[in-house]
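Working notes for the structure below.
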Protein chains: 2
Amino acid sequence: MNRPDILSSGEPEIDAITAQCFVRFEEAFGTRGFAWDVQAQIMSLGKAVEIGKGQSATIFSDEDSLVFLAEGACKLVAWAALDRAQVLSFHFAGDLVSVPARAEHEYGLIALTPSQILSFPTRRFLQAVNEESKLLVELHRRTDAALAECRNDSVGLGRKTAQERVARLLMQMAGRIGVASDNEVLIELPMSRGDIADSLGLTIETVSRQFGELRDAGLIETGGRSGVRVLDPEALLQRAGPTGPHA
Amino acid sequence: MNRPDILSSGEPEIDAITAQCFVRFEEAFGTRGFAWDVQAQIMSLGKAVEIGKGQSATIFSDEDSLVFLAEGACKLVAWAALDRAQVLSFHFAGDLVSVPARAEHEYGLIALTPSQILSFPTRRFLQAVNEESKLLVELHRRTDAALAECRNDSVGLGRKTAQERVARLLMQMAGRIGVASDNEVLIELPMSRGDIADSLGLTIETVSRQFGELRDAGLIETGGRSGVRVLDPEALLQRAGPTGPHA
DNA sequence: CGTGGGTTTGAGTAAGGTCAAAGTTAGTGG
DNA sequence: CCACTAACTTTGACCTTACTCAAACCCACG
């Protein structure tokens with residue numbers, strides 16, 4: 001997919017993807033009111049691209065990146081080894097994802113559905129917005145929320161049974177991308193069983209068996225590969241296990 | 001070890017713990033150069049306390065807190081249930097810990113050794129330092145690092161064997177609090193086998209057995225409950241498992 | 001309609017959990 | 001300073017859960 005220069009002589013030509021990504025970004029972070037030069041810096045740092053299903057979104061290979069997901073759904077993956085992937089999180093439109101260049105493991109942000117993303121090199125981005133403390137506070141808020149989320153997931157990975165993990169993921173997805181209709185929730189899962197397994201620290205087979213058990217128990221119905229109808233959210237939440245030390 | 005008041009006479013009396021905590025905090029975050037009123041606000045928001053082994057450090061019960069660990073060692077714990085604790089991280093002097101008031105699980109910061117901590121209510125702290133973008137950037141940097149760390153741990157929880165988990169933890173502790181001496185590292189573990197088990201998603205017995213295996217293999221020696229001598233760091237790192245997809 | 005990747009199901013296995021008991025360690029008080 | 005004790009740790013036997021390997025199945029795509 002070719003992209004025309006986003007900066008060019010005369011009036012800057014901007015392609016549709018770039019334009020749309022920045023509009024969404026401005027909406028999410030309220031950068032519209034920023035000083036002119038800060039806005040210009042942000043625009044020159046951000047690279048907008050469209051990526052197809054299964055494609056990786058790593059842009060800045062030797063630098064930490066900050067990726068804004070304008071449209072679509074992605075998974076953040078770390079590899080413990082070539083054959084041991086761990087899905088760290090699923091992301092949807094509006095999310096800001098912090099992607100390390102390379103830490104103890106190699107990371108990748110991979111599209112589950114065709115997605116539009118806007119990538120910034122973290123360090124230079126922070127320098128650019130250095131004086132816009134509102135954005136810094138929002139950035140901290142989101143990172144802190146991601147940390148809290150990651151910690152919640154840690155509890156799941158360390159201390160929950162296969163069924164509790166699957167039930168919890170379904171409830172999370174119900175809340176994130178589910179469509180409610182009188183005490184039922186319809187979910188269209190953008191990720192495969194393999195992705196779910198990799199995110200829960202299980203195998204494909206175990207995930208499948210848990211789907212089966214939940215179906216046999218009458219808590220969910222499945223339609224095709226990606227359709228899930230939660231028939232009894234209450235009971236499903238029960239199976240996700242306890243959520244605190246309250247008794 | 002006593003320190004005189006850092007605010008001159010006529011001002012409110014400040015106890016030794018508070019004084020020492022703030023001195024350490026200033027050193028770590030360079031708040032010395034801040035505007036007078038910002039410094040005053042920070043000081044009025046921070047509660048310094050000394051907590052003994054096993055004591056919990058939760059100060060602001062219904063608000064997210066930001067806890068600076070001035071001295072000692074602590075564990076951050078979440079409870080999946082009364083009998084299912086997950087240790088999310090271990091912390092040492094100089095660390096800043098983000099403690100949610102209450103999310104999906106209940107959290108607690110608990111002292112492993114007598115510790116001095118300085119707690120801030122996150123929201124009001126952010127308001128106070130709103131204009132000091134250097135501190136905001138540093139805050140973001142630390143939170144982002146904690147997130148990266150949490151994600152690395154997720155890989156461990158989801159995709160590593162018991163032995164890999166234990167070996168990795170020992171290497172982490174070697175790097176964090178170990179004392180090196182010609183190709184050996186001495187570690188004085190501040191946490192119990194139970195804490196280690198809870199942080200790795202294992203049982204006490206399994207952790208103990210892995211210590212045994214590593215000892216039998218000649219990679220480590222143990223002395224008493226807390227002493228560990230890493231005889232062969234190379235080999236121990238090997239047992240921690242692969243660290244990326246590089247073949 | 002095929003075809004191939006994803007999914008489900010089944011049988012056997014292994015890693016780690018559970019239960020129980022013995023052995024240490026590091027305080028505590030005499 | 002030593003004996004005592006309670007908590008922590010180690011070890012052993014057995015069991016459960018989830019993994020592995022394998023085959024059948026079924027969507028979704030061309």
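Because only heavy atoms are used, hydrogens play no part in the values below, and waters and symmetry mates are left out as well, while side chains stay in. Letters go in sequence order (proteins before strands), and every chain restarts at 1.
- Note that the CG atom of A:Leu170 and the CG atom of A:Leu219 stand 10.0 Å from one another [nearest 0.5 Å].
- Spacing between atom CG of A:Asp83 and atom P of D:dC19 amounts to 14 Å, rounded to whole angstrom units.
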Subject >> Contact letters for nucleotides 1-6 of chain D, in which S counts primed atoms plus P, OP1 and OP2 and B counts the base, heavy atoms under 4.0 Å >> reply: ------
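- For residues 109-116 of chain A, proximity to DNA chain C is found at no residue, defined as any non-hydrogen atom under 4.0 angstrom from a strand atom.
- Nearest heavy-atom pair, B:Phe90 versus B:Met173, reported as atom, atom and distance to 0.1 Å: CD1-CE, 3.7 Å.
- In this structure, the side chains of B:Arg168 and B:Glu164 stay at 4.5 Å or more apart for every pair of heavy atoms.
- Under the salt bridge (charged side-chain N to carboxylate O under 4.0 Å, His left out) criterion, A:Glu27 pairs with no residue, sequence neighbours left out.
- Within the helix from C:dC1-D:dG30 to C:dG30-D:dC1, the inter-axis angle between the opening and closing five-pair segments is 50°, rounded to 10°.
- In this structure, A:Arg151 has no salt bridge (charged side-chain N to carboxylate O under 4.0 Å, His left out) partners at least two apart in sequence or on a different chain.
- In this structure the side chain of B:Leu66 reaches within 4.5 angstrom of the side chain of B:Ser98, judged on heavy atoms.
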**OP:** Give the B/S/- string for nucleotides 10-18 of chain D, one per nucleotide from 5' to 3', where a protein heavy atom under 4.0 Å of the base yields B, of only the sugar-phosphate yields S, and otherwise -.
**Re:** BBBB----S
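- What you find for A:Lys47 and A:Phe60 is that their closest heavy atoms are CG-CZ, 3.9 Å.
- Looking at residues two or more places apart in sequence or on another chain, you find no side-chain hydrogen bond (donor to acceptor under 3.5 Å, both in side chains) involving A:Thr113.
- Scanning all heavy atoms of the two residues, the minimum distance from A:Leu96 to A:Arg142 falls at N-NH1, 3.6 Å.
- Within the structure, the salt bridge (charged side-chain N to carboxylate O under 4.0 Å, His left out) test picks out the following pairs touching residues 184-193 of chain A (sequence neighbours left out): A:Glu184-A:Arg229.
- The salt bridge (charged side-chain N to carboxylate O under 4.0 Å, His left out) check on A:Asp95 picks up A:Arg176, with sequence neighbours excluded.
- Judged as a side-chain contact (heavy atoms from CB on, under 4.5 Å), and not counting sequence neighbours, the contacts of A:Gln163 are A:Thr161, A:Gln210, A:Glu213, A:Leu214, A:Arg239.
- The aromatic rings of A:Phe68 and A:Phe25 sit perpendicular, their planes meeting at an angle over 60°, well past the 30° parallel limit.
- When side chains are defined from C-beta on, A:Met191 does not count as touching A:Val87, because their heavy atoms never get closer than 4.5 Å.
- Nucleotides of DNA chain C with any atom under 4.0 Å from a heavy atom of chain B span, from 5' to 3', C:dG16 to C:dA26.
- The side-chain contact (heavy atoms from CB on, under 4.5 Å) check on B:Ala197 picks up B:Ile204, B:Val207, with sequence neighbours excluded.
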